[in-house]
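Just so it is clear, the structure is predicted and the values come from calculations on it, not from any experiment.
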Amino acid sequence: MSALGALSGGAAGVAGLLSLRRRAAPPPSGLATPAHLPPLKCAVLPDAGQLVWGRQLRPALLPAALLPPQPARRHALCPPAAAAASGSAKPAGFLDKYPALVTGFFFFMWYFLNVIFNILNKKIYNYFPYPYFVSLIHLVVGVVYCLISWSVGLPKRAPINSNLLKLLFPVALCHALGHVTSNVSFAAVAVSFAHTIKALEPFFNAAATQFVLGQQVPLSLWLSLAPVVIGVSMASLTELSFNWTGFINAMISNISFTYRSIYSKKAMTDMDSTNVYAYISIISLLVCIPPALIFEGPQLMQHGFSDAIAKVGLQKFVTDLFLVGLFYHLYNQLATNTLERVAPLTHAVGNVLKRVFVIGFSIIVFGNRITTQTGIGTCIAIAGVAMYSYIKARIEEEKRKKSA
């Protein structure tokens with residue numbers, strides 16, 4: 001079929017083929033057949049087939065002996081400029097052609113996975129209130145993911161030595177403590193309130209920078225933190241799900257993540273962010289195993305697992321734990337990848353909007369009742385964080401320009 005090709009002109013081409021067949025039919029019996037047929041009237045058209053008696057047919061439809069010689073046709077598979085440079089340059093890929101679209105996809109997936117993680121995490125705590133063990137599962141799934149990625153070379157595992165371990169251990173220790181205390185807070189209070197308290201993290205960052213590192217914090221940054229403190233205080237006073245366990249653990253997580261940032265600056269290495277996060281996850285997992293066994297091990301063995309399985313079934317229980325661990329690892333990894341693609345100011349604003357999304361969706365999904373004062377306080381705190389993030393990113397940008 002490919003040798004015949006398709007006739008141009010649709011129905012007109014089919015009619016032409018039938019007419020040719022009628023002309024080529026043998027004469028009736030009894031009539032003499034001429035010795036040879038006279039030559040057909042043909043004309044060669046550029047970039048076209050043969051023109052036979054006013055109808056256009058492709059060359060393959062005629063006997064080869066009747067066709068005049070013509071140069072072979074060349075089909076251009078790419079534009080002339082690309083064809084000329086095909087030996088030296090590769091065509092631009094999708095990631096290079098549409099960088100804004102790709103960056104938008106990274107932001108969308110970061111928000112989506114974060115929201116799904118927080119919602120699924122809280123649903124698990126509603127029938128399995130063991131935050132130490134769930135925190136451990138988050139890290140277990142993440143470490144397995146990293147090991148599989150290393151085994152297939154995506155990415156290639158970076159070598160590590162004792163000096164790097166000494167640098168990364170304080171970072172991993174603070175990461176583990178902040179992760180566990182965050183989950184204790186999520187299990188004890190509403191997700192929206194826990195994230196409102198965690199909005200105080202910039203305040204602790206500024207305090208640690210000023211009083212621990214000895215670096216001067218501009219007055220504008222301190223002033224931008226006032227709405228954050230006021231907003232969190234307003235939200236806490238009238239929060240219906242308030243309890244001291246959730247509040248204190250959220251504050252401890254803020255302090256832990258602040259010191260993680262400090263130690264991260266001291267542990268700057270040439271290793272890529274994916275490998276650094278993988279090693280931090282492995283060390284954090286080892287740190288989280290003892291407290292999970294000590295604080296929740298006996299209860300889990302006595303009735304914790306059996307109660308959860310009786311409520312939702314073994315398959316859903318295992319699936320929920322696996323998915324929440326996978327979402328936790330992926331959203332953290334995507335947050336790092338997004339930071340590498342955009343300016344710090346854009347990432348800071350995106351981080352604030354992410355918290356707004358998480359608070360809003362958690363209120364909708366769980367139907368949490370909030371008072372008017374709590375809602376106003378949450379909005380004030382988020383606005384303060386946005387102001388702080390904007391000012392800090394601008395200051396960092398000016399420092400980079402001066403150093404360059």
Item to check | Heavy atoms of other groups near Gln215 CD, more than 12 under 6.0 Å | outcome: yes
Next on the checklist: Check this for me: Tyr145, atom OH, are more than 12 non-hydrogen atoms of other residues, nucleotides or ligands nearer than 6.0 Å?
Outcome noted: no
Checklist entry - So, for Phe186 and His195, is the gap between ring centers shorter than 6.0 Å? => result yes
Would you mind reporting whether [Y] and [X] have side-chain heavy atoms less than 4.5 Å apart?
{"X": "Asn205", "Y": "Phe257", "result": "no"}
{"X": "Pro202", "Y": "Val228", "result": "no"}
{"X": "Val232", "Y": "Phe203", "result": "no"}
{"X": "Asn118", "Y": "Ser362", "result": "no"}
{"X": "Phe317", "Y": "Lys311", "result": "no"}
{"X": "Ile119", "Y": "Lys123", "result": "yes"}
{"X": "Val184", "Y": "Phe295", "result": "no"}
{"X": "His329", "Y": "Tyr277", "result": "yes"}

Next on the checklist: Under a 3.5 Å cutoff, is there a donor and acceptor pairing between the side chains of Tyr125 and Asn183?
Outcome noted: yes
Checklist entry - Do Thr238 and Thr374 have side-chain N/O donor and acceptor atoms under 3.5 Å apart? => result yes
Checklist entry - Who passes salt bridge (charged side-chain N to carboxylate O under 4.0 Å, His left out) against Lys316, sequence neighbours left out? => result Asp320
Item to check | ring-ring contact (aromatic ring centres under 6.0 Å, His included) contacts in which one or both residues fall within residues 213-247, not counting sequence neighbours | outcome: Phe193-Phe242, Phe242-Trp244, Phe242-Phe247, Trp244-Phe247
Listed partners of [X] passing side chain to side chain contact (heavy atoms under 4.5 Å, CB included), at least two apart:
{"X": "Tyr130", "value": "Phe128, Phe133, Glu296, Gln299, Leu300, His303"}
{"X": "Pro129", "value": "none"}
{"X": "Val318", "value": "Leu314"}

Checklist entry - Please, which pairs that meet side chain to side chain donor-acceptor pair (under 3.5 Å) have at least one residue in residues 278-288, sequence neighbours excluded? => result Arg157-Tyr279
Checklist entry - Do any N or O atoms from the side chain of Asn114 and from the backbone of Val358 form a donor-acceptor pair under 3.5 angstrom? => result no
Item to check | Expected output: side-chain Ser389 to main-chain Val385 donor-acceptor under 3.5 Å | outcome: yes
Checklist entry - Picking from Phe361, Tyr331, Phe112, what satisfies ring pair (Phe, Tyr, Trp, His ring centres under 6.0 Å) with Phe117? => result Tyr331
Checklist entry - Between atom CG of Leu213 and atom OG of Ser261, what is the distance when rounded to the nearest 0.5 Å? => result 10.0 Å
Checklist entry - NE2/His175 to CG/Asn332 distance, rounded to the nearest 0.5 angstrom? => result 6.0 Å
